[in-house]
Amino acid sequence: MSVKKELFDRMPDGREVYAYTIKNENGAWVRLLEYGGIVQSIVIPDKNGELGDVVCGFDSIADNRNSGDYHGSLVGRYCNRIAGGKFTLNGKEYVLFNNEKGIGHLHGGNVGYNARMWYAEVLDESTVRFSLFSPDGEEGYPGNLVIHVTYSFDGFNLSIRYEATTDADTVCCLTNHTYFNMNGIGGSSLEEQLLWINSDRYLEVDENLIPVGDPVPVGKTLFDYTSPKKLATPIDHNFVLRGGVREKKRAAMVCDPVSGRALIVMTDLPGLQVYTAGGMNKPVPFKVGVPQRPLHAIALETQYYPDSPNRPDFPSPILRAGETFRSETTYSFGLMEE
């Protein structure tokens, strides 16, 4: 195992952006960027032992900044959507920046954590920790938030551990927004791969992708992935995971029959936003010139449910002053069982 730090690119103002590459004894590796805490590459073997990159990422900071869609980045202070860009906490209404259509708050606002420079430090030969300070009032959120996100690549498992502390009551939900294609970055459509989700209920949404009503059963709908199957319809929905609210459990699996690669996602959070990139059509190409294409990659965002700050019937995302938000998500890579 080893971690290599090297200059990746520069910000528009000239600041250096470093990459941290964690490589294991099998030759597989993960590359992380200080900008956005981005997972830029994950290179793992297929069934023939050939290494391939399964992350849709970019070769430059300019492309990351111009691409949209939060590719590979850490997302917060609250990932996903908050209806109307406001919520009430302790009897006080907080108004956030409405960065989606001017009527909704998405993934932390105008300048979310995906667009911030994180402080990185190597903890050991398989681990890099990223830290960020988010001041009181940033994007409208209350409380100074101190965040540590630790990436560990052990064997073929990429674990992401989140920690955040606040000096005032706030809401907090952090996630990573990597887009995966298990056939490889230039590979086949998701329609040729298999998806399983550990959920028998999902959240219906309105035209602005805000949850409406109670979770509904997936049975006899196009959102039933309780058994592995090919993609039936484009998805941008949150699934209620089976298991305890803060219990570590399997959340989803994606498999590619051609390469034989499989990805299992585990989390201790209650929800999983599954986005199959139906709108992935920006003109900015991925690494090595691979064009963006709809249904070319999948984001599996572990989280609380969308709009939870406004839904007391949902698991609570409130982080109280002096408390610590802790969560862990693991992406385990392997091969399909024959």
Side-chain angles (χ1 to χ4, degrees), residues 21-31 39-59 67 69 71-72 153 155-158 176-199 218 222-237 239 250-266 272-282 284-302 329-338:
T21 302
I22 308 173
K23 189 173 185 178
N24 71 17
E25 61 276 6
N26 301 300
W29 51 274
V30 172
R31 178 172 292 139
V39 177
Q40 194 257 356
S41 290
I42 300 176
V43 176
I44 55 171
D46 64 10
K47 62 185 179 182
N48 299 315
E50 297 293 326
L51 293 171
D53 194 345
V54 298
V55 168
C56 290
F58 298 95
D59 287 321
S67 67
D69 294 334
H71 286 274
F153 188 50
F156 294 107
N157 304 309
L158 176 64
N176 178 276
H177 209 299
T178 296
Y179 286 86
F180 300 97
N181 186 318
M182 299 312 294
N183 188 253
I185 183 174
S188 60
S189 166
L190 294 178
E191 296 168 299
E192 301 303 318
Q193 300 176 30
L194 301 175
L195 173 64
W196 169 81
I197 305 172
N198 184 23
S199 173
V218 300
L222 294 175
F223 300 99
D224 186 355
Y225 288 90
T226 51
S227 296
K229 69 176 185 179
K230 291 184 178 181
L231 197 68
T233 186
I235 302 172
D236 193 2
H237 293 74
F239 290 79
R250 285 192 178 192
M253 178 175 64
V254 182
C255 302
D256 173 49
V258 175
S259 69
R261 294 190 188 97
L263 165 62
I264 294 174
V265 182
M266 297 189 68
L272 180 74
Q273 184 79 12
V274 179
Y275 178 46
T276 56
M280 185 180 279
N281 56 5
K282 307 292 192 305
V284 182
F286 294 126
K287 292 167 289 191
V288 299
V290 173
Q292 295 195 35
R293 300 189 297 271
L295 303 181
H296 180 65
I298 187 168
L300 300 162
E301 308 157 55
T302 57
T329 292
T330 301
Y331 298 97
S332 295
F333 301 92
L335 298 177
M336 294 176 61
E337 297 181 1
E338 298 184 355

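In terms of the side chain to side chain donor-acceptor pair (under 3.5 Å) criterion, residue partners of Asp236 (sequence neighbours excluded) are, by chain and number, Gln273. Partners of Pro234 according to the side-chain contact (heavy atoms from CB on, under 4.5 Å) rule, which considers only residues two or more places apart in sequence or in another chain, are Thr276, Leu295. Evaluation of the side chain to side chain donor-acceptor pair (under 3.5 Å) rule for Lys23 yields no partner, not counting sequence neighbours. Listed by chain and number, the residues in a side-chain contact (heavy atoms from CB on, under 4.5 Å) with Ala299 are His177, Tyr179, Tyr275, Glu301 (sequence neighbours excluded). When the side chain to side chain donor-acceptor pair (under 3.5 Å) test is applied to Asp69, the partners found at least two apart in sequence or on another chain are Lys282.
At distances below 3.5 Å, not a single donor-acceptor pair connects side-chain atoms of Asn181 with backbone N or O atoms of Val54.
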Derivation and outcome, side-chain hydrogen bond (donor to acceptor under 3.5 Å, both in side chains), residues Asn157 and Thr330 = CA-CA 7 Å; Asn157 304 309; Thr330 301; over 6 Å; no
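Below 30°, between 30° and 60°, or above 60°: for His71 and Phe58 the angle between ring planes is above 60°, a perpendicular geometry.
Looking only at side-chain heavy atoms (C-beta outward), Phe156 and Pro45 come within less than 4.5 Å of each other. Between Met182 and Cys255, the closest side-chain pair of non-hydrogen atoms is not below 4.5 Å.
For residues 188-199, the salt bridge (Lys or Arg N to Asp or Glu O under 4.0 Å) pairs, not counting sequence neighbours, are Glu192-Lys230.
You'll find the ring centres of Phe239 and Tyr225 outside the 6.0 Å limit.
Residue Arg250 places its CZ atom among 12 or fewer non-hydrogen atoms of other residues, nucleotides or ligands, all under 6.0 Å distant.
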